[in-house]
Amino acid sequence: MGLPRRAGDPAEQRKSLKPLLEKRRRARINESLSQLKGLILSLLGRESSRFSKLEKADILEMTVRFLQELPASSCPTAAPTPSDSYREGYRACLARLARVLHTRRVLELTVSARLLEHLRRRAASATRDGEHAGDSCGPPAPSPPAPPRDPGLWRPW
């Protein structure tokens, strides 16, 4: 048989600490599952009180199902670059300008149409890396745009 172990033996200490460490680990898991349950139920629009006794596996399955059903657009793979954000804002401004020009009749219809077409061409000519594709005016820039070559389009207001 083996020799008796001393009270200060590291193996003995590990053995005595194991139940305590396991209890803490389980408490962390249960706390995280409780938080996950609250989050997933609120995202699904369900009342927590009706689902007070969900099993851990049910909470995990609901979460997995919810994440699988998310549209791909709500989980972007990469953050948009500043130039992408700028182009998106440019297009939004262009759409708003089109609405304002149509409702307010600030310009003649033909001039308004030519202006919008010119701005749409500039927006469409911008490539993903911010360079221009065949348009000598280039993509819209944060600085004020230069007047177009066609003097009939440029009207300072």
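- To the nearest 0.5 Å, the span separating CD1 on Ile40 from CZ on Arg65 amounts to 9.5 Å.
- The environment of Glu108 atom CD is sparse: at most 12 non-hydrogen atoms of other residues, nucleotides or ligands sit within 6.0 angstrom.
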How far apart are the C-alpha atoms of Glu31 and Arg28, what are their side-chain angles, what is the distance that settles it, and do they pass the salt bridge (Lys or Arg N to Asp or Glu O under 4.0 Å) test? CA-CA 5 Å; Glu31 177 60 29; Arg28 284 182 28 231; over 6 Å; no
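- No donor-acceptor pair under 3.5 Å is formed between the side chain of Ser32 and the backbone N or O of Ile29.
- For the pair Met62 and Leu41, the minimum side-chain heavy-atom distance is below 4.5 Å.
- Nearest heavy atoms, Lys37 versus Lys53: NZ-N, 4.4 Å.
- Heavy-atom neighbours of Glu55 CD from other residues, nucleotides or ligands within 6.0 Å: at or below the threshold of 12.
- At least one donor-acceptor pair closer than 3.5 Å links the side chain of Asn30 to the backbone N or O of Arg26.
- Contact check for Leu101 versus Leu109: no side-chain heavy atoms found under the 4.5 Å cut-off.
- Between Ala98 and Arg120, the closest heavy-atom pair is CB-NH2, 4.1 Å.
- With rounding to the nearest 0.5 angstrom, the CD1 atom of Ile59 is 11.0 Å from the CG atom of Leu39.
- With respect to Glu117 and Arg114, no salt bridge is recorded, no charged nitrogen being found less than 4.0 Å from a carboxylate O.
- The side-chain heavy atoms of Leu60 and Leu36, taken from C-beta on, include a pair separated by under 4.5 Å.
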